[in-house]
**Student:** 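Following this message is one structure expressed as structure tokens.
So that the names make sense, note that chain A is the first sequence line, chain B the second, and so on, each numbered from 1.
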Amino acid sequence: MRVPLEPARGTRDILPPLSEYYQQITTKFSEVAELYGYRLAIIPTIEHFEIYEAKSGPGISKSMYVFQDKAGRTICLRPEFTASLVRAYLKHLTAWPKPVKLYYYGQVFRYEEPQLGRYREFYQVGAEYIGEPRAFADIELFQLIRDFYRTVGLSGYAFRVNDISIARGLLSRWGVPEEVQDDVLHMVDKGETGRALEVVRGYAGPEASLLESLLEVRAESPSELRAEVERLGLPQELLSTGVSRLLEIFEALLSLGLRAYVDFRLVRGLAYYTGTIFEVSVPGFNLSIGGGGRYDTLSRILGGAEVPAVGFSLGVERTLIALESEKVLESLAKPRPRTMLISLVRDLAFVDRVATRMRERGVVVDVRYSQKRRLSDLVGQASRAGYDYVAIVGEAELGEGKVTVKCLKTGTQRTVDADALGDPGALC
RNA sequence: GCUCCGGUAGCUCAGCGUGGCAGAGCGCGGGGCUGUGGACCCCGAGGUCCCGGGUUCAAGUCCCGGCCGGAGCCCCA
């Protein structure tokens with residue numbers, strides 16, 4: 001049997017140096033999330049399809065990996081983290097003191113046509129803030145995202161923000177059933193506002209123009225947003241709930257030093273969101289690099305007690321694309337100093353002693369035994385391959401318990417006692 | 001699931017129109033050079049030309065199907 005060497009469609013082998021950038025993203029995200037008091041959740045890659053069916057309807061299966069296992073269960077590869085985390089919360093964590101703050105990283109799977117920044121297997125990092133209905137939870141997530149981006153060096157991003165409860169509130173007032181609301185919002189998301197409004201007119205009559213005006217609002221500042229909603233004459237109940245929360249969050253974003261604008265056309269698909277929703281965008285890349293929102297009813301959809309929650313996820317591949325376009329990708333993974341230790345003698349114990357002393361100082365040591373190849377080949381190779389130092393152990397050094405260390409950047413070279421050897425950089 | 005473009009050495013690609021010996025640069029290995037640098041010179045290895053089928057005396061080249069990638073639909077939790 002001949003095996004195909006290409007990875008399966010939409011998947012990739014992630015190898016150095018790309019793999020190191022992935023590792024930096026997850027490591028740095030973990031550090032920032034933990035500094036905010038989030039704790040790591042590791043959840044299964046496979047799930048019962050039912051939890052996604054419950055959340056999004058059976059039609060979701062066409063964009064997922066779904067299959068029967070050997071016992072006939074309907075299993076899927078997770079297409080996201082949030083539903084699984086809420087499932088795990090309902091199973092294990094409902095008795096924990098609120099809020100429950102969790103973060104995660106890992107791969108997710110979607111059966112779609114691959115393109116740049118869109119893969120069938122891709123990686124996300126994210127966090128969920130469970131058990132807090134007030135806006136400061138939403139705001140903390142923005143702070144966390146800001147600190148993460150600062151840590152990895154991303155700067156040119158902006159938040160597109162909405163509160164989906166405002167449009168849904170209008171639709172509910174007009175008696176539009178939830179399933180129809182989903183359809184209408186889906187059309188808005190696709191840019192088919194004309195068709196969406198036609199459907200709404202069937203319920204609301206001429207009042208539907210209020211939704212039309214709302215969808216045209218794009219506010220760059222809280223005062224602009226305040227003026228716009230005042231002009232529209234939204235119902236008081238929406239002003240005191242969704243609109244006031246959106247204003248609070250908008251003001252918070254700006255005072256945190258973040259770029260943000262409110263866009264009522266933002267819907268974020270057929271999701272379970274009930275309040276704040278947002279996406280992160282960068283110039284010159286038409287896919288969002290992350291997004292999230294408030295989902296106060298998801299736990300009930302999954303059959304548990306209702307618990308307010310808000311969360312986000314960031315796409316690792318898309319973050320890397322953004323870093324690349326800002327020309328800061330290479331600075332993400334700072335390489336450790338690397339030494340090529342060339343041994344011209346067969347004395348494992350001595351070579352091990354020398355290598356161990358350097359490794360204890362965090363220096364990468366790559367041991368080569370020179371046999372047929374001449375020393376000049378290996379020194380040249382070390383230089384071409386980007387090593388920082390060459391350490392040479394030959395007959396002369398071995399006899400005196402010494403090692404010769406050469407700094408390839410400066411060309412300086414010293415022979416020192418093997419046991420006194422520390423960071424070779426100190427010798428340059 | 002649909003449309004268009006592409007796939008030739010490890011990498012970047014030429015060759016394909018008009019069928020006729022598988023190529024270049026870089027990289028890799030060896031030597032020039034017995035324990036010290038990226039240059040230079042010489043030599044070398046490395047290919048089922050994405051896979052399968054068809055047309056033909058002859059296919060990397062033309063035709064059909066598939067696989068993988070890119071661009072765009074659909075979708076994007």
**Student:** Rounded to whole Å, how long is the line connecting atom CE of A:M64 with atom C1' of B:A77?
**Tutor:** 10 Å
**Student:** Count the heavy atoms belonging to other residues, nucleotides or ligands that lie under 6.0 Å from CZ of A:R9, then report whether that count exceeds 12.
**Tutor:**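 Atom CZ in A:R9 is crowded, with more than 12 foreign heavy atoms closer than 6.0 Å.
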**Student:** Have a look at A:G291 and say if it touches a base, only the backbone sugar-phosphate, or nothing, with a 4.0 Å heavy-atom cut-off.
**Tutor:** nothing
**Student:** Could you note down all residue pairs passing ring-ring contact (aromatic ring centres under 6.0 Å, His included) where residues 48-79 of chain A supplies at least one of them, sequence neighbours left out?
**Tutor:** A:Y65-A:Y111
**Student:** Scan the side chains in residues 136-143 of chain A for donor-acceptor partners under 3.5 Å anywhere in the protein, sequence neighbours excluded, and list what turns up.
**Tutor:**
residue: A:D138; atom: OD1; partner: A:R294; partner atom: NE; Å: 3.3
residue: A:D138; atom: OD1; partner: A:R294; partner atom: NH2; Å: 2.7
residue: A:D138; atom: OD2; partner: A:T276; partner atom: OG1; Å: 2.7
residue: A:D138; atom: OD2; partner: A:R294; partner atom: NE; Å: 3.3
residue: A:E140; atom: OE1; partner: A:K101; partner atom: NZ; Å: 3.4
residue: A:E140; atom: OE2; partner: A:Y38; partner atom: OH; Å: 2.6
residue: A:E140; atom: OE2; partner: A:K101; partner atom: NZ; Å: 2.9

**Student:** Restricting to nitrogen or oxygen on both sides, can you table the protein-nucleotides 25-28 of chain B pairs closer than 3.5 Å?
**Tutor:**
none

**Student:** Under a 3.5 Å limit for both distances, which nucleotide forms a Watson-Crick or G-U wobble pair with B:A24, could you say?
**Tutor:** B:U12
**Student:** Hey, can you pull the residues of residues 301-312 of chain A with a non-hydrogen atom under 4.0 angstrom from RNA chain B?
**Tutor:** none
**Student:** Less than 4.0 Å between a side-chain N and a carboxylate O, is that true for A:R110 and A:E80?
**Tutor:** no
**Student:** Tell me which nucleotide, if any, is Watson-Crick or G-U wobble paired with B:G1 when both distances must be under 3.5 Å.
**Tutor:** B:C73
**Student:** Look at all strands and tell whether A:G394 reaches a base, only sugar-phosphate, or nothing, counting heavy atoms closer than 4.0 Å.
**Tutor:**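 It contacts base atoms.
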**Student:** Return no unless some side-chain N or O of A:K62 is found under 4.0 Å from OP1 or OP2 of B:G1.
**Tutor:** no
**Student:** Suppose you measure atom P in B:A14 against the same atom in B:G30; what distance do you get, rounded to whole Å?
**Tutor:** 32 Å
**Student:** Under the rule for side chain to side chain contact (heavy atoms under 4.5 Å, CB included), what residues qualify as partners of A:T45, not counting sequence neighbours?
**Tutor:**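 Expected list: A:R78, A:F109.
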**Student:** With sequence neighbours excluded, tell me which residues meet side chain to side chain donor-acceptor pair (under 3.5 Å) with A:R173.
**Tutor:** A:E237
**Student:** Side chains of A:Y89 and A:E128 only: does a donor on one sit below 3.5 Å from an acceptor on the other?
**Tutor:** no
**Student:** Could you walk me through whether A:E112 and A:R120 pass the salt bridge (Lys or Arg N to Asp or Glu O under 4.0 Å) test, one step at a time?
**Tutor:** CA-CA 6 Å; A:E112 294 177 318; A:R120 289 184 175 181; over 6 Å; no
**Student:** May I ask you to decide whether A:D388 forms a salt bridge with A:K409, counting only side-chain N to carboxylate O separations under 4.0 Å?
**Tutor:** yes
**Student:** Please tell me whether A:E306 and A:T297 have a donor and an acceptor in their side chains that are separated by less than 3.5 angstrom.
**Tutor:**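 Looking only at side-chain atoms, A:T297 and A:E306 do not form any donor-acceptor pair under 3.5 Å.
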**Student:** I'd like to check the salt bridge (charged side-chain N to carboxylate O under 4.0 Å, His left out) partners of A:D263; sequence neighbours left out, ordered by chain and number.
**Tutor:** A:R160, A:R265
**Student:** I'd like the P distance from B:G17 over to B:A22, given in whole Å.
**Tutor:** 16 Å
**Student:** Please state the C1' separation for the pair B:C73 and B:G66 - nearest whole angstrom.
**Tutor:**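 Taking atom C1' in both B:C73 and B:G66, they lie 22 Å apart.
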**Student:** Rounded off to whole Å, could you give me the CZ-to-C1' distance for the A:F278 and B:A77 pair?
**Tutor:**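 Value for this atom pair: 13 Å.
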**Student:** Could you tell me the Watson-Crick or G-U partner of B:G19, where both distances fall under 3.5 Å? Say none if there is no partner.
**Tutor:** none
**Student:** Using a heavy-atom cut-off of under 4.0 Å over every strand shown, decide if A:A382 touches base, sugar-phosphate, or nothing.
**Tutor:** nothing
**Student:** Listed by chain and number, what are the side chain to side chain contact (heavy atoms under 4.5 Å, CB included) partners of A:R318, not counting sequence neighbours?
**Tutor:** A:R118, A:F285, A:L287, A:S288, A:I289
**Student:** Should B:G47 form a Watson-Crick or G-U wobble pair with both distances under 3.5 Å, which nucleotide is its partner?
**Tutor:** none
**Student:** What's A:T404 touching, base or sugar-phosphate or nothing? Going by heavy atoms closer than 4.0 Å.
**Tutor:** base
**Student:** Using a heavy-atom cut-off of 4.0 Å across all strands, would you classify A:Q124 as base, sugar-phosphate, or nothing?
**Tutor:**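 Nothing, no heavy atom under 4.0 Å.
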**Student:** Who pairs with A:R134 by side chain to side chain donor-acceptor pair (under 3.5 Å), at least two apart in sequence or on another chain?
**Tutor:** A:E132
**Student:** Let me see the working for A:K28 and A:D147 under salt bridge (Lys or Arg N to Asp or Glu O under 4.0 Å), right down to the final yes or no.
**Tutor:** CA-CA 10 Å; A:K28 288 179 167 160; A:D147 289 359; over 6 Å; no
**Student:** Could you run down the sub-3.5 Å N/O contacts of the protein with nucleotides 68-72 of chain B?
**Tutor:**
residue: B:C68; atom: OP1; partner: A:R9; partner atom: N; Å: 3.2
residue: B:G69; atom: OP1; partner: A:G10; partner atom: N; Å: 2.6
residue: B:G69; atom: OP2; partner: A:R9; partner atom: NH1; Å: 2.8
residue: B:A71; atom: OP2; partner: A:L116; partner atom: N; Å: 2.7
residue: B:G72; atom: N7; partner: A:Q115; partner atom: NE2; Å: 2.9

**Student:** Categorize A:M340 for me: base, sugar-phosphate, or nothing, with a 4.0 angstrom heavy-atom threshold over every strand shown.
**Tutor:** nothing
**Student:** For the side chain of A:S383, starting at C-beta, report the closest nucleotide among B:G38, B:C76, B:U36.
**Tutor:** B:G38
**Student:** By side chain to side chain donor-acceptor pair (under 3.5 Å), which residues pair with A:Y119, not counting sequence neighbours?
**Tutor:**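 Residues passing side chain to side chain donor-acceptor pair (under 3.5 Å) with A:Y119: A:R12.
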**Student:** Name the pairs: protein N/O against N/O of nucleotides 8-12 of chain B, kept only if under 3.5 Å.
**Tutor:**
none

